[in-house]
2 protein chains.
Amino acid sequence: MTSQARRSNCPIACALDLVGDRWTLLVLRDMLLLGKTRFDEFLASPEGIATNILSDRLARLEEEKLVERSRDPDDGRRVIYRPTERGKSFVPVLTAMRDWGLKNVEGTRVFAPPRAKR
Amino acid sequence: MTSQARRSNCPIACALDLVGDRWTLLVLRDMLLLGKTRFDEFLASPEGIATNILSDRLARLEEEKLVERSRDPDDGRRVIYRPTERGKSFVPVLTAMRDWGLKNVEGTRVFAPPRAKR
DNA sequence: CGGGATCCGTCTTGATACTG
DNA sequence: CAGTATCAAGACGGATCCCG
């Protein structure tokens, strides 16, 4: 919960301390590449993340200033999650992984392109 | 141990099924960016991986054809680990993460450059 | 001595059920 | 809709042991 001590000063190790698990980068994928913003949108992804895991990862990402939580201006009951600039800078990591998968894992394909603005 | 069923056909999710944990990409970093080849060299990295974890990750990487195990021709008692072409193609993922860390995590720095051949 | 395997306590993960 | 609570299963880590 409270941020762990870093394991080294290696930039890769530090990045992995934030996103080195099976779910965090999928949440960022949904947010950065697919434009998702709501809890139930993340839940609906085909990998089937559990609600507690999603809740935990969103909280960590918020704590690490990669994601900001706010309310939908059109419907104050809805919570929305948006990437910060720091979070958006993970796009190259995601695209590098996507490219690796497309070339090296048979049967993979990208899902939806980013949605058009409005 | 036996390869898990994939969670989806997303290339990112499939990549994460292979390297989505806190240690696997550090082993690949040592191998691909620092030129390490031996068990005790990986153990010596500053993050301090445990022997059982290292053993497990090397076995998985071998199973997934990202790494090949062989013997040092100069000393048949030594085991050496080398990346396959499939493994080497993870370099862009590692460099993207390295770049993210360098820009976004204070105090990070790259360690050694790749060793010169021979 | 290098390269692990095994044991075991602890921490983390994740599926499911439930709630405001 | 957006989460908590519960609880089992698994991953981790470290110490130790093993084997050529």
Side-chain angles (χ1 to χ4, degrees), chain A residues 1-8 13 16-28 30-31 35-64 67-83, chain B residues 1-8 13 16-27 30-31 36-64 67-83:
Chain A
M1 233 124 286
T2 61
S3 44
Q4 294 292 99
R6 74 168 57 162
R7 292 178 288 175
S8 75
L16 288 173
D17 285 341
L18 300 181
V19 301
D21 72 275
R22 285 166 62 254
W23 293 108
T24 302
L25 282 174
L26 292 183
V27 175
L28 287 176
D30 285 354
M31 211 175 296
K36 296 185 179 185
T37 61
R38 300 201 324 267
F39 196 87
D40 65 313
E41 288 183 301
F42 302 125
L43 276 186
S45 285
E47 293 83 13
I49 190 171
T51 59
N52 58 342
I53 303 296
L54 175 57
S55 181
D56 177 79
R57 296 306 187 275
L58 286 169
R60 287 192 202 192
L61 288 170
E62 191 184 3
E63 198 175 332
E64 297 295 342
V67 165
E68 278 174 2
R69 185 184 311 233
S70 60
R71 294 281 169 174
D72 187 334
D74 295 337
D75 178 356
R77 297 168 308 181
R78 280 181 181 278
V79 178
I80 59 179
Y81 298 92
R82 293 209 179 275
Chain B
M1 240 120 286
T2 61
S3 45
Q4 294 292 99
R6 75 169 54 161
R7 292 178 287 175
S8 75
L16 288 172
D17 285 341
L18 300 181
V19 301
D21 71 277
R22 283 167 63 254
W23 292 110
T24 302
L25 281 175
L26 292 182
V27 174
D30 286 353
M31 210 175 296
K36 297 185 180 184
T37 60
R38 300 202 323 268
F39 196 87
D40 62 315
E41 288 183 301
F42 301 125
L43 276 186
S45 285
E47 293 83 13
I49 190 170
T51 61
N52 56 345
I53 304 295
L54 175 57
S55 180
D56 177 79
R57 295 305 187 275
L58 286 169
R60 287 192 201 192
L61 288 169
E62 192 184 3
E63 198 176 331
E64 297 294 344
V67 165
E68 278 173 2
R69 185 182 313 231
S70 61
R71 294 280 171 175
D72 186 334
D74 296 337
D75 179 354
R77 296 169 310 180
R78 282 183 179 279
V79 177
I80 59 178
Y81 299 91
R82 292 208 180 276

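The chains referred to below are lettered A, B, ... by the order of the sequence lines, with proteins before strands, and numbering in each begins at 1.
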Point to revise | Whole-Å gap separating C1' (dG2(C)) and CZ (F39(B)) | key: 9 Å
Review point. Taking OP1 and OP2 of dG13(D), is either one under 4.0 Å from a side-chain nitrogen or oxygen of R22(B)?
Key: yes
Review point. Any donor-acceptor pair under 3.5 Å joining the side chain of D40(B) to the base of dG2(C)?
Key: no
Point to revise | Nearest-Å distance for atom pair CH2/C1', residues W23(B) and dG14(D) | key: 12 Å
**Study point:** For atom CG of D56(B) and atom C1' of dA11(D), their distance in whole Å
**Key:** 9 Å
Practice item. Tell me whether the OP1 or OP2 atom of dG13(D) has a side-chain N or O from R57(B) closer than 4.0 Å. Key: no
Review point. Between dG20(D) atom C1' and R78(B) atom CZ, what is the distance in whole Å?
Key: 15 Å
Review point. Rounded to the Å, how far apart are L43(A) CG and dC1(D) P?
Key: 10 Å
Review point. For the pair made of CG in L58(A) and P in dT4(D), what is the distance, rounded to whole Å?
Key: 10 Å
**Study point:** Salt bridge present between R7(A) and D17(A) (N-O < 4.0 angstrom)
**Key:** yes
Point to revise | Residues E68(B), R82(B): salt bridge by 4.0 Å N-O rule | key: no
Practice item. Verify whether one side chain among T24(A) and D21(A) offers a donor that lies under 3.5 Å from an acceptor in the other. Key: yes
Exercise for review: Mind calculating the distance between CD (E47(A)) and C1' (dT13(C)) to the nearest angstrom?
Suggested key: 17 Å
Point to revise | Smallest separation among heavy atoms of F39(A) and L58(A), with atom names | key: CD1-CD1, 3.9 Å
Check your understanding: When you match N52(A) and R77(A) each to their closest nucleotide on DNA chain D, which lands nearer the 5' end?
Key -> R77(A)
Point to revise | Nearest-0.5 Å distance, CZ of residue R60(A) to CZ of residue R57(A) | key: 5.0 Å
Check your understanding: Which part of the nucleic acid does R71(A) contact within heavy-atom distance under 4.0 Å: base, sugar-phosphate only, or nothing?
Key -> nothing
Point to revise | Donor-acceptor pair under 3.5 Å, S55(A) side chain vs dT4(D) base | key: no
Practice item. To the nearest Å, give me how far apart CD1 (I53(B)) and P (dA11(D)) are. Key: 10 Å
Review point. Does T51(A) get its side chain close enough to the base of dA2(D), under 3.5 Å, for a donor-acceptor pair?
Key: no
